[in-house]
Protein chains: 2
Amino acid sequence: MKTQVHEDIPCASDSHDEHIHSLRSERTLVDGALLFQALGSPERLQLMERLLDQEHCVSQLAQELGEKVTTISQRLQQLHRARLLTKERRGKHIYYAIADHHVRDLLTNTFDHVEEERLK
Amino acid sequence: MKTQVHEDIPCASDSHDEHIHSLRSERTLVDGALLFQALGSPERLQLMERLLDQEHCVSQLAQELGEKVTTISQRLQQLHRARLLTKERRGKHIYYAIADHHVRDLLTNTFDHVEEERLK
DNA sequence: TTGACAATCCATGGATCCATGGAGTATAAT
DNA sequence: ATTATACTCCATGGATCCATGGATTGTCAA
């Protein structure tokens with residue numbers, strides 16, 4: 001017979017020890033959430049994926065993906081607002097591209113991660 | 001007088017050259033989006049932040065953040081579904097913790113990134 | 001200036017998300 | 001068994017998101 005003692009551990013380790021990680025500002029949480037939220041749809045993620053390869057203009061992406069130009073434009077703008085993409089006009093076209101290598105790493109690491117995770 | 005020649009560049013570099021980055025599967029995009037979407041709210045990000053320090057149980061987080069237990073539980077479950085958190089029962093309490101170092105890095109890198117980005 | 005093309009802006013309706021209340025499940029002590 | 005505590009499950013209504021159509025802006029060529 002096992003009378004295992006679980007005796008109501010106070011879940012909070014009452015010890016008031018210091019935090020290792022400093023808490024981030026409200027602003028950081030909001031901006032971070034904006035960034036993640038922009039990436040939080042398969043459709044926008046697909047755009048990011050295409051742009052990993054090279055810059056594209058709006059109409060080109062719309063054509064390749066079989067979507068309306070206005071739809072693609074809105075998606076790209078949301079990604080741009082989150083500072084994930086750069087935007088440059090050349091002639092009649094506007095070219096979007098991955099903002100920097102941080103963003104690039106974020107994407108490739110995450111893609112690799114979820115593909116590995118699947119095999120468990 | 002500048003008669004700059006912009007001559008209607010076909011935005012698509014018509015060259016059918018090979019893609020450097022291989023395109024990810026539909027599944028990868030969906031799973032990736034699920035992950036990002038789970039992180040895409042300041043409230044859930046705040047939970048992740050607390051857990052960076054150490055594991056916590058539901059009631060503890062609810063108390064610290066001044067929220068209803070059921071609310072915190074739902075948020076934690078969403079993060080857990082996205083495989084961002086582990087979940088372990090010990091006695092009456094259920095402890096949530098950051099899933100692994102990939103997730104930890106993803107968070108700290110992103111937080112650092114948005115804080116830097118702000119200074120531009 | 002006019003016309004053609006690329007992209008954005010704006011409003012809208014349908015879908016999705018999200019916090020919450022209340023009921024239900026799990027665990028442990030008496 | 002009963003009680004208490006911790007958490008989850010489920011339904012709901014209000015908020016938010018999102019694709020789309022139509023009007024507008026910007027660029028270039030004739």
Side-chain angles (χ1 to χ4, degrees), chain A residues 1-13 30 33-47 55-82 85-97, chain B residues 1-13 30 33-47 55-82 85-97:
Chain A
M1 174 181 181
K2 51 192 245 185
T3 343
Q4 180 92 28
V5 181
H6 263 295
E7 58 169 310
D8 203 10
I9 310 146
C11 97
S13 56
V30 171
L34 184 70
L35 184 153
F36 285 128
Q37 204 254 1
L39 294 174
S41 99
E43 293 78 14
R44 287 189 296 270
L45 226 37
Q46 190 179 30
L47 285 177
E55 65 173 15
H56 287 74
C57 65
V58 182
S59 51
Q60 189 177 8
L61 286 166
Q63 195 204 336
E64 283 186 24
L65 301 176
E67 303 263 10
K68 322 265 179 188
V69 171
T70 187
T71 300
I72 297 299
S73 174
Q74 298 284 35
R75 289 181 188 160
L76 288 171
Q77 282 177 80
Q78 183 169 357
L79 292 164
H80 181 249
R81 256 180 267 127
L85 296 179
T86 60
K87 183 179 182 177
E88 185 193 355
R89 169 153 233 145
R90 288 206 297 279
K92 283 196 273 196
H93 298 274
I94 294 182
Y95 291 86
Y96 283 93
Chain B
M1 173 184 180
K2 50 190 244 185
T3 345
Q4 179 92 30
V5 180
H6 263 295
E7 59 169 308
D8 203 10
I9 311 145
C11 95
S13 55
V30 171
L34 184 69
L35 184 153
F36 285 128
Q37 203 253 2
L39 294 174
S41 99
E43 292 78 14
R44 286 188 296 270
L45 227 37
Q46 190 178 32
L47 285 177
E55 65 173 13
H56 287 74
C57 65
V58 183
S59 51
Q60 189 178 8
L61 285 166
Q63 195 203 337
E64 282 185 24
L65 300 175
E67 303 264 10
K68 321 266 180 189
V69 170
T70 186
T71 301
I72 297 300
S73 174
Q74 298 285 35
R75 289 180 189 160
L76 289 171
Q77 283 178 80
Q78 184 170 357
L79 293 164
H80 181 250
R81 256 179 267 128
L85 296 179
T86 60
K87 184 179 181 176
E88 184 194 356
R89 169 153 232 145
R90 289 208 294 281
K92 283 196 271 195
H93 297 276
I94 295 181
Y95 291 85
Y96 283 92

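Residue numbers begin at 1 in each chain, while the letters A, B, ... track the order of the sequences.
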Checklist entry - Taking CD from B/Glu88 and P from C/dT27, how many angstroms apart are they, rounded to a whole number? => result 13 Å
Checklist entry - Considering residues at least two apart in sequence or located in another chain, which fulfil the side-chain contact (heavy atoms from CB on, under 4.5 Å) criterion with A/Leu47? => result A/Leu61, A/Leu65, A/Ile72, A/Arg75, A/Leu76, A/Leu79
Next on the checklist: Output the rounded distance in Å from OH (A/Tyr95) to P (D/dT27).
Outcome noted: 15 Å
Donor-acceptor pairs are to be reported for all side-chain atoms of residues 33-40 of chain A against protein atoms at under 3.5 Å, with residues two or more places apart or in another chain.
residue: A/Gln37; atom: OE1; partner: A/Gln78; partner atom: NE2; Å: 3.4

Checklist outcome for this item: Protein-proximity profile, nucleotides 12-19 of chain C, B/S/- by nucleotide at the 4.0 Å heavy-atom cutoff, equals -----SSS
Checklist entry - Is the backbone N or O of A/Lys92 less than 3.5 Å from a side-chain atom of A/Arg90, with the two atoms forming a donor-acceptor pair by type? => result no
Item to check | Whole angstrom value for the distance that separates P of C/dA7 from NE2 of A/His56 | outcome: 12 Å
Checklist entry - Do other residues, nucleotides or ligands put more than 12 heavy atoms under 6.0 Å from the CD atom of B/Gln63? => result no
Checklist entry - Expressed in angstrom and rounded to an integer, what is the separation of A/His93 atom NE2 from C/dA4 atom P? => result 17 Å
Next on the checklist: Under 3.5 Å, is there any donor-acceptor pair linking the side chain of B/Thr70 to the base of D/dC9?
Outcome noted: yes
Item to check | Any residue meeting salt bridge (Lys or Arg N to Asp or Glu O under 4.0 Å) with A/Glu43, in chain and number order, not counting sequence neighbours | outcome: none
Item to check | Spacing of B/Gln77 atom CD relative to D/dC7 atom P, expressed in whole Å | outcome: 11 Å
Checklist outcome for this item: Closest to the side chain of B/Tyr96, out of D/dC28, D/dC7, D/dT8, is D/dT8
Next on the checklist: Applying side chain to side chain donor-acceptor pair (under 3.5 Å), can you list everything that pairs with B/Gln46, at least two apart in sequence or on another chain?
Outcome noted: none
Checklist entry - Hey, what bend do you get for the helix from C/dT1-D/dA30 to C/dT30-D/dA1 if you fit axes on five pairs at each end, rounded to 10°? => result 30°
